[in-house]
Number of protein chains: 2
Amino acid sequence: MYDIENSIGFLLAKAYQRAWAVMKEEIEPYDLTPPQFALLSFLWQQDGLTQVELSDKGQIDRSTVGGLIDRLERGGLLERRQHPQDRRAHLIFLTEHGKAMEDTLSACAERSLKRITTGLSEDEIKEFRRMLNILRGERRVYEIPSC
Amino acid sequence: MYDIENSIGFLLAKAYQRAWAVMKEEIEPYDLTPPQFALLSFLWQQDGLTQVELSDKGQIDRSTVGGLIDRLERGGLLERRQHPQDRRAHLIFLTEHGKAMEDTLSACAERSLKRITTGLSEDEIKEFRRMLNILRGERRVYEIPSC
DNA sequence: TACATATTATCTGCATAATGACAATATCCC
DNA sequence: GGGATATTGTCATTATGCAGATAATATGTA
């Protein structure tokens, strides 16, 4: 009989749902969701990227990125600007508000991490991260040329 | 600067998405999805449960269970029968087809596990499972009260 | 250079899934 | 009987991925 309760897939799903729920709770006051936070995080590192570049960096489907950007734009956290050379493309820039939220939201993420990793030592968390990276599979890192 | 790339939440999401995609690929020929497979797995252990019982066992939201059952019923894998005592409730039973799929689909899950855990030793998988259970948080459902 | 073709960026539509809010109905308990 | 509770269904929002459409750009060839 298949033991779904102890299968990696099922446990991954439940751990992921828990992490989502905890993070959701932390950032709820700012009307954001975990994937929206993730996209913002990439933009704090570097903005002025196209949607395709964001899709590649975040390993998110292009239509998903489009929707996330719609909602973040509606919330005034970022804006689409026209690409100066390529009229098909948009460049995504943080607004002042979007930039200003970095510290507050990062703190939410820190609290969230503390909450879900209660019961794991620092070393175990490190080990867990390493294993997640293996399960995630190899990813090709796209270097965004800064020129 | 917040390091989203190495955050537990982000890595969990990506590992989960990979596990989903691999399992999806394995069961695609049978027109099923990973959550549908999970629900079937619980029914292979025991059917004749109500939707609420399935929701509790699988830790799936009640409206989500309703939708999953809709699609599995449409596919002829299970059926809703009226609860003999409680006219509000349905009892969910596997069809012959649903029962017959157990071996085939379990084999898909095994192959899927092999694929995503390539790169991890048996001991590491065991350890990973243990950590996922901790992250998943305490389960209050169907546990013997320790009085 | 000019034109046909291929590629790229985005959007739209569709299906599934997850969660929460609400409604309708049935049951239970006082 | 009546209020509280339980079961299911419906709807809205978000997320995700796939396929197709559209527009713009890049490329190859005459």
Side-chain angles (χ1 to χ4, degrees), chain A residues 9-10 12-25 27-28 30-40 49-75 80-92 142 144, chain B residues 9-10 12-25 27-28 30-40 49-75 80-92:
Chain A
F10 182 76
L12 256 180
K14 294 312 158 190
Y16 169 59
Q17 279 167 17
R18 168 112 194 287
W20 173 298
V22 168
M23 182 63 179
K24 180 83 191 300
E25 201 180 300
I27 59 182
E28 190 102 85
Y30 311 103
D31 272 317
L32 290 172
T33 61
Q36 289 169 20
F37 167 80
L39 193 62
L40 284 179
L49 303 176
T50 67
Q51 296 187 190
V52 168
E53 287 166 338
L54 277 171
S55 163
D56 288 343
K57 275 191 101 169
Q59 287 191 292
I60 313 169
D61 188 85
R62 293 174 184 200
S63 34
T64 304
V65 165
L68 288 172
I69 290 174
D70 280 346
R71 290 181 282 278
L72 287 167
E73 189 169 34
R74 204 191 308 150
R80 287 174 163 100
R81 295 190 201 152
Q82 218 170 47
H83 192 295
Q85 279 85 41
D86 189 339
R87 273 186 302 162
R88 295 169 303 180
H90 298 142
L91 297 184
I92 310 301
Y142 297 95
I144 310 296
Chain B
F10 182 77
L12 257 179
K14 295 311 158 193
Y16 170 59
Q17 280 167 17
R18 169 112 193 285
W20 172 297
V22 168
M23 181 63 179
K24 180 82 192 304
E25 201 179 300
I27 59 182
E28 190 103 84
Y30 311 103
D31 272 318
L32 290 171
T33 61
Q36 290 170 19
F37 167 80
L39 193 61
L40 284 179
L49 303 175
T50 66
Q51 294 187 191
V52 168
E53 286 167 337
L54 276 172
S55 164
D56 288 345
K57 274 190 100 169
Q59 288 190 292
I60 313 168
D61 188 85
R62 294 176 183 197
S63 21
T64 304
V65 164
L68 288 172
I69 290 175
D70 280 346
R71 289 180 283 278
L72 287 167
E73 190 170 33
R74 203 191 307 150
R80 287 173 163 102
R81 296 190 201 153
Q82 217 170 48
H83 192 294
Q85 278 87 42
D86 190 339
R87 272 188 302 163
R88 292 169 304 180
H90 297 142
L91 296 185
I92 310 302

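A, B, ... follow the sequence lines: proteins, then strands. Residue 1 opens every chain. In this text the structure is predicted, and so the values were computed from the model without any measurement.
Distance B:L72 CG to C:dT16 P: 11 Å, rounded to the nearest Å. The NZ-P distance, from B:K24 to C:dA15, rounds to 13 Å in whole Å. The distance between atom CG of B:L39 and atom C1' of C:dA18, rounded to the nearest whole Å, is 14 Å. Spacing between atom CG of A:L68 and atom P of C:dC11 amounts to 12 Å, rounded to whole angstrom units. Look at CD on B:E28: it is 14 Å from P on D:dG17, rounded to the nearest Å. One can place CG of A:D70 at 8 Å from P of C:dT12, the figure rounded to the nearest angstrom. Residue B:R18 contributes atom CZ, which lies 18 Å from atom P of D:dT16 at whole-angstrom precision. Put simply, CD1 on B:I92 is 13 Å from P on D:dT7, counting in whole angstrom units.
Inter-residue side-chain proximity for B:R71 and B:L68 is flagged as met; some heavy-atom pair is nearer than 4.5 Å. A heavy-atom distance below 4.5 Å is not found between the side chains of A:V52 and A:V65. Two residues are said to be in side-chain contact when any heavy atoms from C-beta on lie closer than 4.5 Å; A:L91 and A:R80 fail this criterion. In this structure, A:E28 and A:K24 have side chains that are in contact, with non-hydrogen atoms separated by less than 4.5 Å.
Between D:dT8, C:dT10, D:dA15, one nucleotide has an atom nearer to the side chain of A:R62 than all others, and that is C:dT10. Out of C:dA18, C:dT10, D:dA15, the shortest distance to the side chain of A:Q36 is found at D:dA15. Of the candidates C:dA26, D:dT8, D:dT14, D:dT8 carries the atom nearest the B:H90 side chain, counting heavy atoms from C-beta on. When the nucleotides C:dA18, C:dT16, C:dT10 are ranked by their closest atom to the side chain of B:R71, C:dT16 comes out on top. Comparing C:dT10, D:dT14, D:dT16 by their nearest atom to the side chain of A:R74 picks out D:dT14. Picking from C:dT27, C:dT16, C:dT19 the nucleotide with the shortest atom distance to the side chain of B:T64 gives C:dT19.
One donor-acceptor pair, N or O on each side, does fall under 3.5 Å between the base of D:dA24 and the side chain of A:R88. A donor-acceptor contact under 3.5 Å is formed by the side chain of B:S63 with the base of C:dG20.
In terms of phosphate contacts, A:Q51 brings a side-chain nitrogen or oxygen within less than 4.0 Å of OP1 or OP2 of C:dC11. Contact annotation: A:R87 does not reach the phosphate of D:dA23 (side-chain N/O to OP1 or OP2, under 4.0 Å).
Both B:T50 and A:P35 sit near DNA chain D, but only B:T50 has its closest nucleotide nearer the 5' end.
In this structure, B:D86 reaches the sugar-phosphate backbone alone: every heavy-atom distance under 4.0 Å involves primed, P, OP1 or OP2 atoms, never a base.
B:T50 places no side-chain N or O within donor-acceptor distance of the main-chain N or O of B:H90, the cut-off being under 3.5 Å.
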